[in-house]
Amino acid sequence: MKAPTTRPFEASDVGAAAGLLAARHRRDLAGEAALDPGFAEPAACAALLRDDWERGARGAVAETADGTLAGYLLAVPGDDVRGRHVWTGPGHYAAHEGDVLRCLYADLSGPWLGEGRLHHYAVAAAHDLPVWLSQCFAYEQVHAVTDLAAGAAGFHDDVRAAGPSDLAALEPLFRLVADAHTGPPVFAFIEPSFHEGLRPGHLELLEDPAVSYWLVEGPEGVRGFCVMRPVPDDEVSLTAPRGSVELLLAATAPECRGGGVGRRLTEHALADAARRGFRVCVTDWRAANPLSSAFWPRRGFRPVAHRLHRLLDPRLSRG
């Protein structure tokens, strides 16, 4: 097959690209019905792509000999705690077949390196993992969903709602998630200033009437917590359906692990979300975290996308 012709993505390509993205999402929906059906329509995908264009997403399209759009790939450049990078979000790519996506990445990755962007990130739908992994990307984050059944059992007497007055008792557990990410085998870098925002951040969650903040406590103090919040309309995406609830944070004190604290917290939080009318819960975790990667699938969470990362050899950018 003759390789498609590539050229820069232009604002006028949004309509055709939206058709490709909607087709990709219909395929994803066939494998996971909990995803948002709204993005199976090109109009919804076009709105996403126009917003991404306004936010600085740029890239390339691939065209067949007759000028038909065969695929597109976009990325947003960044220079922050992730290093000098490009970020391909869940709606930033779609192609008729994997070879088209490979051609687009080959076309764009050279200029990215020329700009010193050694870190390449992509949020890939589960069906597209083989294509991205073949380009030397690796797993970093798992994005998953689970169904919430109204009336399902799961409430526990030792789980209660937390409030602002519980802030001091909860504080010893605030660093647990970050510590799990910075330690082996995850080894994620977190700015030291991040920890300064933990106390005010949790206080904001405890004061938010839309957030459900649950805890289990014992004679020794708080044993664990779980935080749920509705997905805001401006965060609805191909991996986070409209009207879903997000399991935002959860942690169990190390000395209490293995005793069912995390399980009871999660069951209670999910049962309460179902009682409040939510039908889908989303969450995410680091793929290299052995505790999370074992715990969340056992709670019924199914991967729908993965954040992938590729780091180019720094020697390539010298000079």
Side-chain angles (χ1 to χ4, degrees), residues 4-25 36 38-39 41-63 69-95 100-125 128 131-132 135-137 140-141 143 188-191 193-194 231-240 242 246 284 305-312 314 316-317:
T5 301
T6 62
R7 61 168 176 80
F9 187 104
E10 301 173 354
S12 58
D13 293 313
V14 164
L20 288 174
L21 182 57
R24 193 200 91 188
H25 193 64
D36 195 324
F39 293 113
E41 299 299 327
C45 293
L48 275 183
L49 289 169
R50 282 192 293 269
D51 186 58
D52 291 337
W53 177 265
E54 293 297 323
R55 294 173 184 269
R58 296 294 185 269
V61 299
E63 293 180 322
L69 204 68
Y72 73 93
L73 175 59
L74 304 174
V76 178
D79 192 358
D80 51 32
V81 69
R82 298 183 186 278
R84 195 163 174 80
H85 68 275
V86 289
W87 183 278
T88 294
H92 288 171
Y93 77 91
V100 173
L101 190 57
R102 292 184 182 95
C103 287
L104 287 164
Y105 181 69
D107 187 64
L108 291 168
S109 54
W112 291 342
L113 172 62
E115 297 174 3
R117 303 192 183 281
L118 303 178
H119 294 270
H120 299 175
Y121 292 91
V123 181
D128 297 322
V131 178
W132 288 99
Q135 302 305 293
C136 297
F137 282 77
E140 184 173 87
Q141 194 90 350
H143 296 267
F189 177 77
I190 294 178
E191 291 278 9
S193 59
F194 169 83
V231 174
D233 287 345
D234 61 355
E235 293 182 20
V236 170
S237 71
L238 283 82
T239 59
R242 186 175 302 278
E246 179 185 15
D284 60 273
H306 292 76
R307 186 173 80 220
L308 308 175
H309 179 208
R310 184 185 186 192
L311 174 61
L312 303 187
L316 294 171
S317 64

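No hydrogens, no waters, no symmetry mates; every other heavy atom, side chains included, goes into these values.
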_Aromatic contact between H306 and H143, with the criterion being ring centroids under 6.0 Å apart: yes or no?_
no
*Geometric cation-pi criterion, R24 with Y93: 6.0 Å, 45°*: yes
_With rounding to the nearest 0.5 angstrom, report the CZ to NE2 distance, F137 to H309._
8.5 Å
*Quick one: pull up OG in S109 and CZ in R310 and give me the separation to the nearest 0.5 Å.*
7.0 Å
*Any side-chain heavy atom of E63 within less than 4.5 Å of one from P4?*
no
*Does R82 make a cation-pi contact with Y121, if we ask for NZ or CZ under 6.0 Å from the ring centre and within 45° of the axis?*
yes
*Test item: E246 and D284 side chains (from C-beta on) under 4.5 Å apart, heavy atoms*: yes
*Side-chain contact, heavy-atom cut-off 4.5 Å: D79 with H85?*
no
*Any idea which heavy atoms bring L69 and A17 closest together, and the distance?*
CD2-N, 3.6 Å
*asked:* Whether the H92 and Y72 side chains hold a donor-acceptor pair (N or O, under 3.5 Å, no angle test) is what I'd like checked.
replied: no
*Does the side chain of R84 reach to within under 4.5 Å of the side chain of L118, using non-hydrogen atoms?*
no
_Is the ring pair W53/F9 parallel, tilted or perpendicular, if the boundaries are 30 and 60 degrees?_
tilted
*Flag the pair D13 and R7 as a salt bridge only when some basic side-chain nitrogen lies within less than 4.0 angstrom of an acidic carboxylate oxygen.*
yes
*Verify whether the ring centers belonging to F194 and F189 lie closer than 6.0 Å.*
no
*Give a yes or no on whether the backbone of L74 and the side-chain of T88 come within a donor-acceptor separation of less than 3.5 Å.*
yes
*Could you tell me whether the side chain of L312 reaches within less than 4.5 Å of the side chain of L113, counting heavy atoms only?*
yes
*Considering all heavy atoms, the nearest A60-D107 contact*: CB-OD2, 4.0 Å
_When you measure from the side chain of D36 to the backbone of L238, do you find a donor-acceptor pair of N or O atoms at a distance under 3.5 Å?_
no
_Minimum heavy-atom separation for L104 and V61, please, with both atom names._
CD2-C, 3.6 Å
*Short question: side chain of R117, backbone of G78 - any donor-acceptor pair under 3.5 Å?*
yes
*Side-chain heavy atoms of L73 within contact of L108, under 4.5 Å*: yes
*So, H25 side chain and A22 main chain: donor-acceptor pair closer than 3.5 Å or not?*
no
_From E54 atom CD to L49 atom CG, the distance as rounded to the nearest 0.5 Å_ = 12.0 Å
*Please report the closest heavy-atom contact between P42 and A18, naming both atoms and the distance.*
O-CB, 3.4 Å
*Would a 4.5 Å heavy-atom cut-off, applied to side chains only, mark F39 and L21 as touching?*
no
*Using the side-chain hydrogen bond (donor to acceptor under 3.5 Å, both in side chains) rule, pick out the option among W87, W112, Y105 that qualifies with H120.*
Y105
*Distance (rounded to the nearest 0.5 Å) between C136 SG and L311 CG*: 12.0 Å
